[in-house]
Amino acid sequence: MHTFGYRANALLTLGVTILALMCAMASFSDNFNLPSPSAQVQVLNVNWFQKQRNGNDEVSLTLNISADLQSAFTWNTKQVFVFLAAEYETTQNALNQISLWDAIIPSKEHAKFSIHTTNKYRLTDQGSNLRGKEFNLTLHWHVMPKTGKMFADNIVMTGYHLPEDYR
Ligand SMILES: *[C@@H]1O[C@H](CO)[C@@H](O)[C@H](O)[C@H]1NC(C)=O
Ligand SMILES: *[C@@H]1O[C@H](CO)[C@@H](O)[C@H](O)[C@H]1NC(C)=O
């Protein structure tokens with residue numbers, strides 16, 4: 001005859017085992033989701049473009065960021081962290097990456113959006129490198145699952161230019 005404690009323990013072990021199995025399956029099933037997000041970003045305006053007193057270039061842009069990240073959401077998705085980075089080359093660095101805007105998308109319903117915004121973080125460069133600079137805008141996203149591993153991906157949008165002159 002088993003004691004109550006023994007049975008409770010067996011039940012708990014079974015419960016934990018089932019939970020662990022469900023987590024593993026949830027995480028595994030995410031591997032079958034092949035997201036196909038889309039993004040477009042337009043630079044609507046260069047609000048100002050200056051050389052600061054310390055000699056660094058700084059630019060303020062108004063952006064129209066549209067994206068559809070709904071396909072990145074599965075039932076195992078907790079939230080998606082998204083950020084837009086300006087990426088460009090200079091003689092000092094092969095890749096300069098500056099985050100301009102970011103957001104946390106809490107649910108699939110919020111994953112299709114179009115936002116009109118100025119850059120939330122300063123776009124500055126150490127030196128006078130930004131005039132006439134060609135740059136890419138890359139939308140990066142990190143999918144944070146309820147259980148299992150996080151994964152990240154991005155969309156690169158090319159062909160942006162900064163003005164030749166300060167304004
Ligand atoms: C922003 O971009 C979206 C998609 O390209 C477009 O439908 C919308 O009209 C744009 N908004 C502005 C203010 O340009
Ligand atoms: C922009 O992205 C393209 C494609 O990934 C890449 O070949 C190019 O070097 C990038 N340009 C800059 C300025 O980073």
Side-chain angles (χ1 to χ4, degrees), residues 27-146 148-167:
S27 172
F28 184 65
S29 74
D30 269 356
N31 294 331
F32 296 107
N33 183 46
L34 295 174
S36 53
S38 61
Q40 297 91 41
V41 178
Q42 291 147 290
V43 177
L44 297 179
N45 194 34
V46 177
N47 303 317
W48 42 267
F49 182 25
Q50 294 169 350
K51 182 183 249 334
Q52 297 169 312
R53 221 165 289 178
N54 60 16
N56 293 347
D57 279 355
E58 180 168 4
V59 60
S60 166
L61 303 171
T62 299
L63 305 167
N64 179 20
I65 307 167
S66 308
D68 183 350
L69 297 174
Q70 286 182 313
S71 61
F73 279 79
T74 67
W75 60 276
N76 188 35
T77 305
K78 187 167 161 232
Q79 60 187 26
V80 172
F81 173 69
V82 61
F83 70 96
L84 183 74
E87 294 172 351
Y88 60 94
E89 291 162 25
T90 54
T91 44
Q92 293 105 314
N93 300 303
L95 177 66
N96 296 274
Q97 191 185 56
I98 300 178
S99 178
L100 300 182
W101 171 88
D102 61 16
I104 287 170
I105 304 172
S107 68
K108 191 170 183 168
E109 291 72 56
H110 295 93
K112 191 174 177 184
F113 57 86
S114 183
I115 333 178
H116 198 180
T117 179
T118 57
N119 47 299
K120 186 166 153 185
Y121 304 109
R122 288 147 61 96
L123 173 48
T124 64
D125 186 76
Q126 295 165 319
S128 309
N129 294 310
L130 295 182
R131 272 177 297 170
K133 181 57 73 183
E134 188 182 317
F135 65 103
N136 287 343
L137 287 173
T138 305
L139 191 77
H140 295 262
W141 63 90
H142 293 209
V143 178
M144 298 173 189
K146 289 177 182 148
K149 62 181 195 303
M150 190 178 91
F151 53 96
D153 206 349
N154 65 73
I155 292 178
V156 181
M157 290 157 278
T158 60
Y160 298 90
H161 287 270
L162 284 171
E164 294 288 347
D165 300 306
Y166 297 122
R167 53 173 80 166

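Counting convention: from 1, in listed order, for ligands and their atoms alike. In what follows, residues are counted from 1 in the order of the sequence shown. The analysis underlying the following values was restricted to heavy atoms, covering all of them including side chains, and did not include hydrogens, waters or symmetry mates.
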Can you sort out which atoms of ligand 2 are near [X], meaning under 4.0 Å from one of its heavy atoms?
X    : answer
V156 : 2 (O)
T158 : 1 (C), 2 (O), 3 (C)
E134 : 13 (C)

Which atoms form the tightest heavy-atom contact between [X] and [Y], and what is the distance?
X   : Y    : value
F83 : D102 : CB-CB, 3.6 Å
F73 : A111 : CE1-CB, 3.6 Å
P37 : S71  : N-OG, 3.6 Å

Has [X] got more than 12 heavy atoms of other residues, nucleotides or ligands less than 6.0 Å from its [atom1]?
X    : atom1 : result
Q50  : CD    : yes
K51  : NZ    : yes
H110 : NE2   : no

Nitrogen or oxygen of N136 less than 3.5 angstrom from that of ligand 2:
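N/O-N/O distance below 3.5 Å exists for this pair.
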Quick one: does any side-chain atom of T74 pair with a main-chain N or O of N76 as donor and acceptor, under 3.5 Å?
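Checking the backbone N and O of N76 against the side chain of T74, a donor-acceptor pair under 3.5 Å is found.
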I'd like a table of donor-acceptor pairs (distance under 3.5 Å, sequence neighbours excluded) in which one partner is a side-chain atom from residues 157-167, with atom names and distances.
from : atom 1 : to   : atom 2 : distance (Å)
Y160 : OH     : V41  : O      : 2.6
Y166 : OH     : D57  : OD1    : 2.7
Y166 : OH     : R131 : NE     : 3.4

May I have every N or O pair linking ligand 1 to the protein at under 3.5 Å, one per line with atom names and distance?
from     : atom 1 : to  : atom 2 : distance (Å)
ligand 1 : 2 (O)  : Q42 : OE1    : 3.0
ligand 1 : 2 (O)  : N64 : ND2    : 2.3
ligand 1 : 2 (O)  : S66 : OG     : 3.2
ligand 1 : 11 (N) : N64 : ND2    : 2.8
ligand 1 : 14 (O) : N64 : ND2    : 3.3

